[in-house]
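Here the structure is laid out as structure tokens; the discussion comes afterwards.
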Amino acid sequence: MKILFFGTYLDNRDVLTAFFKSKLAVADETSDPEEALDLVRFYDYDAVVLRIADSRPNEVDLIRRLRIGGLRCPIIAVAHALAEPTRLRVLEAGIDDLIVSAMSQDEIFLRVQNQVRRSRGFQSPSLVIGTVEINMNAKKIFTAGTEVSLTKKEYQIVEILALRKGCVLSKEAILDHLYGGLDEPNPKIIDVFICKIRKKLAALGAGELIETNWGRGYMVAEKRAMPTPAIERAGIEGSAGHRPGSGALLRVGT
């Protein structure tokens, strides 16, 4: 996941951001409203997390500006404590979730992750595409019940593409999700990662998860069940017993 954090806590600026990074999320952070608006225009975030406080009413205005600007990803507000009037203003501004006095950073992370998953069209706790299951809680991938042994970067690539199934991502876009614009290697490294992922999936019978769109990048396409061929259906129906009008039974010999 790629998350934009806005605002600061008075004494724990980096705690939440660092926790999300430990969960393999890529995180950008700003306390400048104009910079936040610029960032969401240029980068494809999975969610925006706002640190809200009664003493900072401008953050409510930022929610409205993000929505007016067409931001579609979930916006989640987080606060240590919040008076009811501020809560109502935040909800009226178009927030997707309001987390006040969370019991732990794990709770915040899971609630943000759930919002991201649902916003991308996945209702179950895992991302399931064909025979592949991406367990976002465990940060593991399974195919037909068998775990696929992936490195952290390989897992992140599969998760990034799965969350955007049906959309082509360029190598540069994938790099941005992996490294957040910091110390990015040559884009060709993505080809190497994809090759390794495909080999590991193919060894377990799921080698067609990631497709190449030549000249543009990579994508995960939704795998749909193929319709049963007519001749196969006829065989199944015939084996179920004789039906009126199905033709005479040919007997050989006496």
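Everything numeric here is computed off the predicted structure, so don't read it as measured data. Numbers here are sequence positions counted from 1.
- In terms of modelled atom types and a separation under 3.5 Å, the side chain of Ser101 and the main chain of His80 share a donor-acceptor contact.
- Side-chain N or O atoms of Glu107 include one that pairs as donor or acceptor with a backbone N or O of Met103 at under 3.5 Å.
- In this structure, the separation between NZ on Lys23 and CD on Gln105 is 10.0 Å, given to the nearest 0.5 Å.
- Counting heavy atoms from C-beta outward, Arg89 and Thr86 have side chains that approach closer than 4.5 Å.
- Residues Arg111 and Asp97 come closest through the heavy atom pair NH2-OD1, 3.1 Å.
- With Glu154 contributing its side chain and Thr151 its backbone, the two residues share a donor-acceptor pair below 3.5 Å.
- Contact record, Leu50 with Phe6: CD2-CB, 3.3 Å, taken as the closest heavy-atom pair.
- Looking only at distances, a side-chain donor or acceptor of Lys200 sits under 3.5 Å from a matching main-chain atom of Ser149.
- Look at Asp96 and Arg67 and you find a salt bridge, because one of the NZ, NE, NH1 or NH2 atoms lies within 4.0 Å of a carboxylate O, short of that distance.
- Atoms CG and CG, from Asp54 and Leu82 in turn, are 4.5 Å apart once rounded to the nearest 0.5 Å.
- A salt bridge is defined here as a Lys NZ or Arg NE, NH1 or NH2 lying under 4.0 Å from an Asp or Glu carboxylate O, and Arg41 with Asp38 meets this definition.
- With Arg51 contributing its side chain and Val78 its backbone, the two residues share no donor-acceptor pair below 3.5 Å.
- Leu88 has its side chain within reach of Glu84: a pair of non-hydrogen atoms, C-beta onward, lies under 4.5 Å apart.
- Closest non-hydrogen pair, Lys140 versus Tyr155, comes out as N-CE1, 3.7 Å.
- At most 12 non-hydrogen atoms from other residues, nucleotides or ligands lie less than 6.0 angstrom from OH of Tyr43.
- In this structure, the side chains of Leu127 and Met136 come closer than 4.5 Å at one or more pairs of heavy atoms.
- Side-chain contact between Phe5 and Leu16 is present, with at least one heavy-atom pair separated by less than 4.5 Å.
- When atom types are taken as modelled, the side chain of Ser124 and the backbone of Ser126 share a donor-acceptor pair closer than 3.5 angstrom.
- In this structure, Lys165 places its NZ atom where more than 12 heavy-atom neighbours from other residues, nucleotides or ligands lie under 6.0 Å away.
- Grouping the Ile, Leu, Val, Met, Phe, Trp and Tyr side chains by contacts below 4.5 angstrom, directly or via other members, places Phe193 apart from Met219.
- Judged purely by atom type and a 3.5 angstrom limit, Arg198 has no side-chain atom pairing as donor or acceptor with the backbone of Glu208.
- In this structure the side chain of Arg65 reaches within 4.5 angstrom of the side chain of Glu34, judged on heavy atoms.
- Environment of NZ in Lys196: sparse, with no more than 12 heavy atoms of neighbouring residues, nucleotides or ligands closer than 6.0 Å.
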Problem set entry | Residue pair Tyr218, Ile190: steps toward the side chain to side chain contact (heavy atoms under 4.5 Å, CB included) verdict | CA-CA 10 Å; Tyr218 297 100; Ile190 299 301; 4.1 Å; yes
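- The two residues Val100 and Ala81 have their closest heavy-atom pair at CG1-CA, 3.9 Å.
- Annotation: side chain of Val26 is not in contact with side chain of Phe20 (no heavy-atom distance under 4.5 Å).
- With a 4.5 Å cut-off on side-chain heavy atoms, Ile134 and Phe122 do not count as touching.
- For the atom pair CG (Leu201) and CD1 (Ile141), the distance works out to 7.0 Å, reported to the nearest 0.5 Å.
- Listed for the Asn135 side chain is a donor-acceptor partner under 3.5 Å among the backbone atoms of Ala138.
- Leu161 pairs with exactly one of Ile174, Leu209, Ile197 by the side-chain contact (heavy atoms from CB on, under 4.5 Å) rule, that one being Ile174.
- Taken from CD in Gln113 to CG in Asp106, the straight-line distance is 11.0 Å, to the nearest 0.5 Å.
- In this structure, the side chain of Asp46 engages the main chain of Lys2 through a donor-acceptor pair within 3.5 Å.
- Using a 4.5 Å heavy-atom cutoff, the side chains of Ile189 and Leu175 are in contact.
- Across all non-hydrogen atoms, the minimal contact from Gln156 to Leu178 is CB-CD2, 3.6 Å.
- Between Ile129 and Ala221, the closest heavy-atom pair is CG2-O, 3.7 Å.
- No donor-acceptor pair closer than 3.5 Å links the side chain of Arg164 to the backbone N or O of Leu169.
- For the atom pair CG (Leu66) and CG (Leu62), the distance works out to 4.0 Å, reported to the nearest 0.5 Å.
- Remark: Thr212 OG1 to Ile194 CD1 distance equals 7.5 Å, nearest 0.5 Å.
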